[in-house]
2 protein chains.
Amino acid sequence: MVSTLEKARQDPSSMKGKILASARKVFGEYGYHGTTTRMIAKDVGIDISTLYYHWGEKRDLYESVVMDLNDEIRQKLLEIESKVKGKSLTTRLEIAIDVMCDYLFSNPEVSNFILFLYFGKTRGDSSLNFKVSEYISNIAIAMGLALDKKYIPVKAKASVIAVWNSVLNFISGEDFFRPMLDIGHDEYIVVVKDTLKFILIPAFTQERNRS
Amino acid sequence: MVSTLEKARQDPSSMKGKILASARKVFGEYGYHGTTTRMIAKDVGIDISTLYYHWGEKRDLYESVVMDLNDEIRQKLLEIESKVKGKSLTTRLEIAIDVMCDYLFSNPEVSNFILFLYFGKTRGDSSLNFKVSEYISNIAIAMGLALDKKYIPVKAKASVIAVWNSVLNFISGEDFFRPMLDIGHDEYIVVVKDTLKFILIPAFTQERNRS
DNA sequence: ATATTTATCCATCAAATGTTGGAAGCAATG
DNA sequence: CATTGCTTCCAACATTTGATGGATAAATAT
């Protein structure tokens with residue numbers, strides 16, 4: 001399963017690849033239960049049987065999307081990790097925010113999909129395990145919030161989670177929030193980046209002397 | 001519709017009230033499409049026909065939940081507004097975070113429901129308008145982030161949105177995030193409040209001198 | 001006590017949805 | 001050309017799901 005999945009990723013022009021891309025998109029918009037196999041097939045432009053021929057059950061297709069996303073995000077985080085090496089904490093945060101925002105704004109269905117995964121239950125089968133856990137730890141280390149790889153403070157992890165969530169929310173909630181701000185898409189991107197930096201950088205860079 | 005809705009809120013022991021509460025819970029867990037009318041009926045402990053007798057179509061029930069939540073949240077925000085009056089900015093933020101966290105941790109289905117509303121599309125009919133817009137502005141004013149009620153800076157609004165989202169995410173994502181932190185529920189609440197304060201208070205209280 | 005309204009359930013329907021079988025196209029191979 | 005294997009579509013099936021009609025009981029009114 002994994003090998004065929006990777007093949008589909010490597011060749012987005014193949015039918016399996018096209019289906020996977022559409023599935024990601026539609027699942028991301030409507031969630032698991034909100035998506036019908038017919039919707040995905042229609043998005044690809046094929047008959048529903050063809051979809052089943054390539055991917056089997058709906059659940060299997062869904063899980064393939066999860067694994068696919070897992071890989072893609074791990075790669076993105078590795079990219080960030082290498083880019084921030086040796087920089088100051090402020091610069092590290094700025095780079096991380098910029099790279100993640102650029103990536104997610106270019107692939108908005110990604111953050112939507114992940115949020116569904118976090119907060120929505122799927123009837124019947126137990127929820128999938130999206131391996132954020134290791135990501136969080138890696139980010140904490142890359143950001144310099146944890147010194148010892150063995151022991152990462154709860155506060156550091158929680159902070160990373162908060163940041164990660166903020167990013168996802170701004171991207172996924174654009175349709176909801178942008179009208180409130182009464183600005184265009186491009187300006188929205190700038191505002192999001194600025195706001196994230198405005199909120200996050202002081203927290204992590206200043207000395208804390210609070211109760 | 002509104003009057004009957006309010007009646008149901010006022011009397012949670014009535015059948016309409018019990019259905020509304022169950023609907024809120026199940027819709028919050030599984031989203032609109034993930035929820036079946038039979039699931040709600042089962043949660044209440046009644047036959048599906050009885051549910052339809054009281055609330056009519058699924059969509060109507062769903063919209064009633066939205067309106068119900070709207071009222072409840074508006075009330076919560078008014079409560080916060082009165083509590084923070086005259087306090088320092090730091091204290092205002094602390095109070096707001098505490099009150100909202102306490103409320104949402106006691107009613108976890110609320111934040112889940114709202115997140116579905118933000119990020120999930122529902123097939124067919126257009127999305128409901130959850131009136132966050134006015135909330136955001138009111139909070140910005142109550143927090144002292146905006147001086148002029150007529151003109152609220154984009155940055156202030158965006159900041160409030162970020163805060164609001166962070167709270168919702170931590171509460172809704174407890175099942176997902178708490179295992180990463182390897183702590184219990186009560187400690188999780190403490191960590192969430194601390195993390196939010198840790199991140200948010202410096203951002204809003206310090207003088208900013210950034211590019 | 002009788003009539004009327006209200007509330008609940010059982011059985012059922014129609015549409016939507018996940019899934020499959022089989023026929024038909026199509027390319028490569030012998 | 002015939003055969004084989006791969007791909008696609010049409011049609012259909014079984015289940016789920018939103019929704020309703022009608023019988024029955026419980027409450028209320030007259």
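All values derive from a computational prediction rather than experimental measurement. Reminder, nothing fancy here: chain letters follow the sequence lines and each chain counts from 1.
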Open item on the list: Just so I know, are the side chains of A/Val44 and A/Leu51 near enough to count as touching, which here means a heavy-atom distance under 4.5 Å?
Closed with: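 No. Closest side-chain heavy atoms not under 4.5 Å.
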In whole angstrom, what separates [X]'s [atom1] from [N]'s [atom2]?
X	N	atom1	atom2	result
B/Ile19	C/dA7	CD1	P	11 Å
B/Glu57	D/dA19	CD	P	5 Å
B/Lys16	C/dT6	NZ	C1'	13 Å
A/Met15	D/dC9	CE	C1'	12 Å
B/Trp55	D/dG18	CH2	P	17 Å
A/Tyr53	C/dG25	OH	C1'	13 Å
A/Leu51	C/dT17	CG	C1'	13 Å
A/Lys58	D/dT16	NZ	P	14 Å

- [ ] Mind listing the residues from residues 25-50 of chain B sitting with a heavy atom below 4.0 Å of DNA chain D? Number order is fine.
- [x]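 Close to the strand are B/Thr35, B/Thr36, B/Thr37, B/Arg38, B/Ile48, B/Ser49.
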Open item on the list: Within this structure, what is the CZ-SG distance for the pair B/Phe170 and B/Cys101, rounded to the nearest 0.5 Å?
Closed with: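 Spacing of CZ (B/Phe170) from SG (B/Cys101) equals 9.0 Å.
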Open item on the list: Tell me whether the NZ or CZ atom of A/Lys25 lies within the 45° cone about the ring axis of A/Tyr30 and under 6.0 Å from its centre.
Closed with: no
TODO: Can you sort out the partners of B/Glu79 under side-chain hydrogen bond (donor to acceptor under 3.5 Å, both in side chains), two or more places apart, ordered by chain and number?
DONE: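 side-chain hydrogen bond (donor to acceptor under 3.5 Å, both in side chains) list for B/Glu79, sorted by chain: B/Lys76, B/Lys83.
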Open item on the list: Looking only at the side chain of B/Tyr52 (C-beta and beyond, no hydrogens), which of the listed nucleotides D/dT20, C/dT20, D/dT8 gets closest?
Closed with: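 Selected nucleotide: D/dT20.
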Task: Side chain of A/His54 (C-beta onward), nearest among D/dT8, D/dT17, C/dT8 - done: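 Closest nucleotide to the A/His54 side chain: D/dT8.
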With a 3.5 Å cut-off and sequence neighbours excluded, list the donor-acceptor pairs that the side chains of residues 176-187 of chain B form with protein atoms.
unit_1   : atom_1 : unit_2   : atom_2 : d
B/Arg178 : NE     : B/Glu174 : OE2    : 2.9
B/Arg178 : NH1    : B/Ile183 : O      : 3.2
B/His185 : ND1    : B/Glu174 : OE1    : 3.4
B/His185 : ND1    : B/Glu174 : OE2    : 2.6

Open item on the list: Just by distance, no angles: are the side chains of B/Asn70 and B/Tyr135 close enough, under 3.5 Å, to form a donor-acceptor pair?
Closed with: yes
TODO: Indicate whether OP1 or OP2 belonging to D/dT17 is found under 4.0 Å from a side-chain N or O atom of A/Arg123.
DONE: yes
Open item on the list: Tell me whether A/Lys197 is salt-bridged to A/Asp194, with the criterion being a basic N under 4.0 Å from an acidic carboxylate O.
Closed with: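 Looking at A/Lys197 and A/Asp194, the cut-off is not met.
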